[in-house]
Amino acid sequence: MKVNGKVKVIGETVTFESGFTKRVLVLTTDEKYPQHIPIEFVKESISKLDTLTIGQDVSVEVNLRGNEYNDKYYLSLNGWRIEDQTSELPTTEAKESEDLPF
């Protein structure tokens, strides 16, 4: 499953007593009513967030994860791949050559 949006928050790495580490990325979707979607990255995948910048357009591959604790149920999105979706504008030369009639 993919989630597309702009990077809103790049969280700090959190390490638990068990040694488990996680980091949260928040994306803002581009919809009529934008959503702020928190996506968790765990263990080795947290380093994927190091090259991101606030406002960057990205597409994140996620897996849905659910668990039960004390008769309560929790849902999370776990990210595992990030693709930069920033489109580069064509240069003037490239645009001019596209406009040629032959």
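We count residues from 1, following the sequence as given. Side-chain atoms are counted along with the backbone in the values below, which use heavy atoms only and exclude waters and symmetry mates.
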* Between Q35 and Y33, is there a donor-acceptor pair closer than 3.5 Å when you use the side chain of the first and the backbone of the second? ->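 Flag set: sc Q35 to bb Y33 pair under 3.5 Å.
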* Asked: So among V7, V60, T51, which one has a side chain to side chain contact (heavy atoms under 4.5 Å, CB included) with I82?
  ->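 The option that passes is V60.
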* Step through the shown structure and confirm whether more than 12 heavy atoms of other residues, nucleotides or ligands are within 6.0 Å of OH on Y69. =>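 No.
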* To do: For the pair K2 and E83, evaluate side-chain contact (heavy atoms from CB on, under 4.5 Å) and give the outcome as yes or no after the intermediate values.
  => CA-CA 10 Å; K2 279 190 181 183; E83 294 177 3; 3.9 Å; yes
Would you say [Y] ends up clustered with [X] if hydrophobic residues are merged whenever their side chains have heavy atoms under 4.5 Å apart, either directly or through other cluster members?
X	Y	answer
I10	L77	yes
L64	V62	yes
V42	V14	yes
L25	L75	yes
I46	F20	no

* Which residue pairs pass the side-chain hydrogen bond (donor to acceptor under 3.5 Å, both in side chains) test when at least one of the two sits in residues 3-13, sequence neighbours left out? ->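 Applying side-chain hydrogen bond (donor to acceptor under 3.5 Å, both in side chains) to every pair that reaches into residues 3-13, excluding sequence neighbours, yields N4-S59, K6-D57.
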* To do: Specify the closest pair of heavy atoms between G79 and S45, including all atoms of both residues, with the distance to one decimal.
  =>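 Where G79 meets S45 most closely, the heavy atoms are O-OG, 4.0 Å.
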* Which atom pair, heavy atoms only, marks the closest approach of F41 to K48? ->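 So the minimum-distance heavy-atom pair works out to CE2-CD, 4.5 Å.
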* To do: Run the numbers on N67 and Y73 for side-chain contact (heavy atoms from CB on, under 4.5 Å), then give the verdict.
  => CA-CA 6 Å; N67 61 17; Y73 297 90; over 6 Å; no
* Using the test side chain to side chain donor-acceptor pair (under 3.5 Å), find all partners of D50 that sit at least two apart in sequence or belong to another chain. =>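 For D50, the residues satisfying side chain to side chain donor-acceptor pair (under 3.5 Å) (neighbours in sequence not counted) are R23.
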* Considering residues at least two apart in sequence or located in another chain, which fulfil the side chain to side chain donor-acceptor pair (under 3.5 Å) criterion with S76? ->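 So S76 forms a side chain to side chain donor-acceptor pair (under 3.5 Å) with N78.
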* Kindly indicate whether the side chain of L52, heavy atoms from C-beta on, has any atom under 4.5 Å from the side chain of V58. =>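 A side-chain contact under 4.5 Å exists here.
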* Hey, are the side chains of T21 and F16 touching, using non-hydrogen atoms and a 4.5 Å cut-off? ->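 Not touching, per the 4.5 Å side-chain cut-off.
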* Residues which pass salt bridge (charged side-chain N to carboxylate O under 4.0 Å, His left out) with D71, listed by chain and number, not counting sequence neighbours ->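 Here no residue qualifies.
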* Sequence neighbours excluded, which residues qualify as side-chain contact (heavy atoms from CB on, under 4.5 Å) partners of V24? ->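 With neighbours one apart ignored, the set is V26, P38, E40.
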* Asked: Which pairs, with at least one residue in residues 26-36 and sequence neighbours excluded, count as a salt bridge (Lys or Arg N to Asp or Glu O under 4.0 Å)?
  ->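 Output for this query is empty, none listed.
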* **From NZ (K22) to NZ (K43), nearest 0.5 Å** =>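 With rounding to 0.5 Å, NZ (K22) is 13.5 Å from NZ (K43).
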